[in-house]
Amino acid sequence: MSDFTSGFWNIYIVVLTMLGVFGCAILLYSQSKIKADPNQQHDGPVGTTGHIWDEDLTELNTPMPRWWMFLFYITIIFALAYLFLYPGLGTYKGKLGWTSSGQHAAELKQAENDYGPLFNQYLKQDLKAVAADPKAHAMGERLFLTYCAQCHGSDARGNKGFPNLTDKDWLHGGSPDIIKTTIMGGRHGVMPPMGAALGGDKDVENVANYVLSLSGSTHDPIKAVFGKAKFGACMACHGADAHGNQALGTPNLTDKIWLYGGSLETIMETIRKGRNNTMPAFGEFLGEGKVHVLAAYIWSLSNTPGTAEVAATADTTAAAAKP
């Protein structure tokens with residue numbers, strides 16, 4: 001309702017709602033006047049509404065059971081009580097002042113009080129040491145399956161448009177701290193449409209063949225030669241050596257790792273139309289403690305914590321267990 005600037009819509013919702021409730025009550029009351037004849041036998045004649053179909057299909061005027069009518073009256077009373085206590089009539093907030101967003105915030109706060117200390121205990125530890133902790137690893141895996149698997153897959157190998165997190169190819173860098181920064185603040189990657197800048201469809205095809213040649217993929221060598229001359233328009237982001245730029249989040253074109261696919265048609269589509277990707281920020285939603293554990297888990301998917309990290313974790317655990 002806050003989206004409507006006119007008070008008409010508030011009145012409109014209130015009137016429709018109350019008409020619906022009281023309309024049911026009036027209809028029920030009007031029908032309650034029809035009573036069954038206690039002397040009437042079940043196999044005897046029954047009154048009809050006068051409606052007859054197909055010559056002998058008659059609609060009977062049998063009264064509703066009293067117990068059903070009383071239950072209907074109770075639901076109407078319940079509806080009026082609910083609309084008085086809770087929001088349901090336009091902008092009226094209800095006597096109790098309850099809101100779904102308020103309840104959600106309260107539940108999040110309670111969850112933070114209950115589970116926050118479990119995650120915050122790892123904030124003082126290095127991310128690599130957290131990755132070596134079996135308990136933290138299990139917690140990070142559950143977080144990943146809850147919040148990340150929808151895009152990156154339950155095996156973290158990604159999908160078209162969503163990066164594989166199990167290899168060592170990172171658009172913005174794969175160090176533990178950078179992974180944490182990515183989760184906390186999110187990322188927004190944009191590949192602008194380059195078709196017009198390159199000249200035309202023929203030039204797009206030539207550049208796509210040159211890009212394929214950079215990774216040793218199947219390509220047309222003659223078209224690649226012509227494409228190399230046009231690749232200068234791409235160097236500002238991908239670099240003269242086409243190895244990309246992690247500061248900008250631009251991919252390395254010399255390997256065979258493709259976010260949207262490495263076929264000639266797909267690369268031409270990317271060059272012609274561009275790409276626009278967003279990694280949402282989870283810092284405010286999850287809190288730093290959970291992100292810290294989650295980042296350690298994601299780092300471990302493409303790295304193996306060394307003996308130093310394992311030993312550091314064991315020392316920390318032993319120190320915490322001392323009285």
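In this text, all values refer to a predicted model and were calculated from it rather than measured experimentally.
- Looking at heavy atoms from C-beta onward, Trp258 lies out of side-chain contact with Thr266 at the 4.5 angstrom threshold.
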Exercise for the section: Given side chain to side chain donor-acceptor pair (under 3.5 Å), test Asn120 with His292 step by step and report yes or no. Expected result: CA-CA 8 Å; Asn120 294 337; His292 195 77; over 6 Å; no
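- For the residue pair Asp201 and Arg272, the shortest heavy atom distance occurs at OD1-NE, 3.4 Å.
- The OG1 atom of Thr146 sits 10.0 Å away from atom CD of Glu141, with the distance rounded to the nearest 0.5 Å.
- With Asn209 contributing its side chain and Asn206 its backbone, the two residues share no donor-acceptor pair below 3.5 Å.
- Cluster annotation: Tyr92 is connected to Leu85 through the hydrophobic network of ILVMFWY side chains, with a link wherever side-chain heavy atoms come within less than 4.5 Å.
- Linking Ile, Leu, Val, Met, Phe, Trp and Tyr whenever their side-chain heavy atoms come within less than 4.5 Å leaves Phe72 and Ile26 in two separate clusters.
- Using cut-offs of 30° and 60° for the angle between ring planes, the Tyr12 and Trp9 rings count as perpendicular.
- Under a hydrophobic-cluster definition in which Ile, Leu, Val, Met, Phe, Trp and Tyr are linked whenever side-chain heavy atoms come within less than 4.5 Å, directly or via other members, Leu264 and Val204 are assigned to the same cluster.
- Closest heavy-atom contact between Trp299 and Ala131: CE3-CB, 3.8 Å.
- For the side-chain contact (heavy atoms from CB on, under 4.5 Å) test with Leu127, the passing option among Ile298, Val293, Ile179, Asp177 is Asp177; the others fail.
- With Glu288 contributing its side chain and Glu284 its backbone, the two residues share no donor-acceptor pair below 3.5 Å.
- A heavy-atom distance below 4.5 Å is not found between the side chains of Leu253 and Ser215.
- Using a distance-only test at 3.5 Å, with no hydrogens or angles considered, no donor-acceptor pair links the side chain of Asn245 to the main chain of Cys237.
- Counting heavy atoms from C-beta outward, His51 and Trp53 have side chains that approach closer than 4.5 Å.
- Checked against a 6.0 Å centroid threshold, the rings of Tyr147 and Phe285 count as neighbours.
- Closest approach of Thr254 and Asn252 over heavy atoms only: OG1-OD1, 2.6 Å.
- The aromatic rings of His238 and Phe231 sit tilted relative to each other, their planes meeting at an angle between 30° and 60°.
- Residues Leu165 and Ser302 are not in side-chain contact: their nearest non-hydrogen atoms beyond the backbone lie 4.5 Å or more apart.
- Side-chain N or O atoms of Ser217 include none that pairs as donor or acceptor with a backbone N or O of Ser213 at under 3.5 Å.
- For the pair Lys160 and Tyr260, the cation does not sit on the ring face, since its NZ or CZ is not both under 6.0 Å from the ring centre and inside 45° of the axis.
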Problem - Chi angles and distances behind the side-chain contact (heavy atoms from CB on, under 4.5 Å) call for Leu286, Leu294 - result: CA-CA 10 Å; Leu286 293 178; Leu294 177 58; 4.2 Å; yes
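- With hydrophobic clusters built from ILVMFWY side chains whose heavy atoms lie under 4.5 angstrom apart, Val190 does not share a cluster with Leu198.
- The CE atom of Met191 sits 10.5 Å away from the OG1 atom of Thr250 when rounded to the nearest 0.5 Å.
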Practice task
For the pair Asn10 and Val14, evaluate side-chain contact (heavy atoms from CB on, under 4.5 Å) and give the outcome as yes or no after the intermediate values.
Solution key: CA-CA 6 Å; Asn10 173 53; Val14 172; 4.1 Å; yes
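- The two atoms that bring Ala296 and Val130 nearest to each other are CB-CG1, 3.7 Å, heavy atoms only.
- Shown here is Phe8, whose CZ atom has more than 12 heavy atoms of other residues, nucleotides or ligands within 6.0 Å.
- No continuous path of hydrophobic side-chain contacts links Leu27 to Ile74 [ILVMFWY only; heavy atoms under 4.5 Å].
- Leu80 has its side chain within reach of Met18: a pair of non-hydrogen atoms, C-beta onward, lies under 4.5 Å apart.
- Here the straight-line distance linking atom CG of Leu28 with atom CG of Leu71 works out to 10.5 Å at 0.5 Å rounding.
- If you take CD1 on Ile183 and NZ on Lys290, they are separated by 13.5 Å, rounding to the nearest 0.5 Å.
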Practice task
Determine, step by step, whether His188 and Met279 satisfy the side-chain contact (heavy atoms from CB on, under 4.5 Å) criterion, reporting the C-alpha distance in whole Å, the side-chain angles of both residues, the deciding distance to 0.1 Å, and the verdict.
Solution key: CA-CA 6 Å; His188 188 196; Met279 156 74 183; over 6 Å; no
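- More than 12 heavy-atom neighbours from other residues, nucleotides or ligands sit within 6.0 angstrom of OH on Tyr73.
- Checking side-chain atoms of Asp54 against main-chain N and O of Leu57 turns up no donor-acceptor pair under 3.5 Å.
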Practice task
Give the C-alpha distance, both sets of side-chain angles, the deciding distance and a yes or no for side-chain contact (heavy atoms from CB on, under 4.5 Å) between Glu269 and Arg275.
Solution key: CA-CA 9 Å; Glu269 179 185 2; Arg275 300 290 184 183; 3.8 Å; yes
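- Side-chain contact between Thr278 and Arg187: absent, with no pair of heavy atoms (C-beta onward) separated by less than 4.5 Å.
- Here the shortest heavy-atom pairing between Thr166 and Asp155 reads CG2-O, 3.6 Å.
- Taking the six-membered ring for Trp and the full ring otherwise, the centers of Tyr297 and His137 sit less than 6.0 Å from each other.
- His152 and Asn159 share no donor-acceptor pair across their side chains, judged by distance under 3.5 Å alone.
- Residues Lys128 and Asn303 bring no donor and acceptor atom of their side chains to less than 3.5 Å of each other.
- Ile267 and Gly262 make their closest contact through CD1-O, 3.8 Å (heavy atoms, listed as atom of the first residue, atom of the second, distance).
- In this structure the side chain of His219 never reaches within 4.5 angstrom of the side chain of Tyr210, judged on heavy atoms.
- For the atom pair CG of Asn277 and CG of Leu171, the computed distance is 9.0 Å after rounding to the nearest 0.5 Å.
- Two residues are said to be in side-chain contact when any heavy atoms from C-beta on lie closer than 4.5 Å; Gln121 and Lys124 fail this criterion.
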Problem - Worked verdict on Gln246 versus Trp170 for side chain to side chain donor-acceptor pair (under 3.5 Å) - result: CA-CA 8 Å; Gln246 290 186 344; Trp170 299 90; over 6 Å; no
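- To the nearest 0.5 Å, the span separating NE2 on His104 from CD on Glu107 amounts to 7.0 Å.
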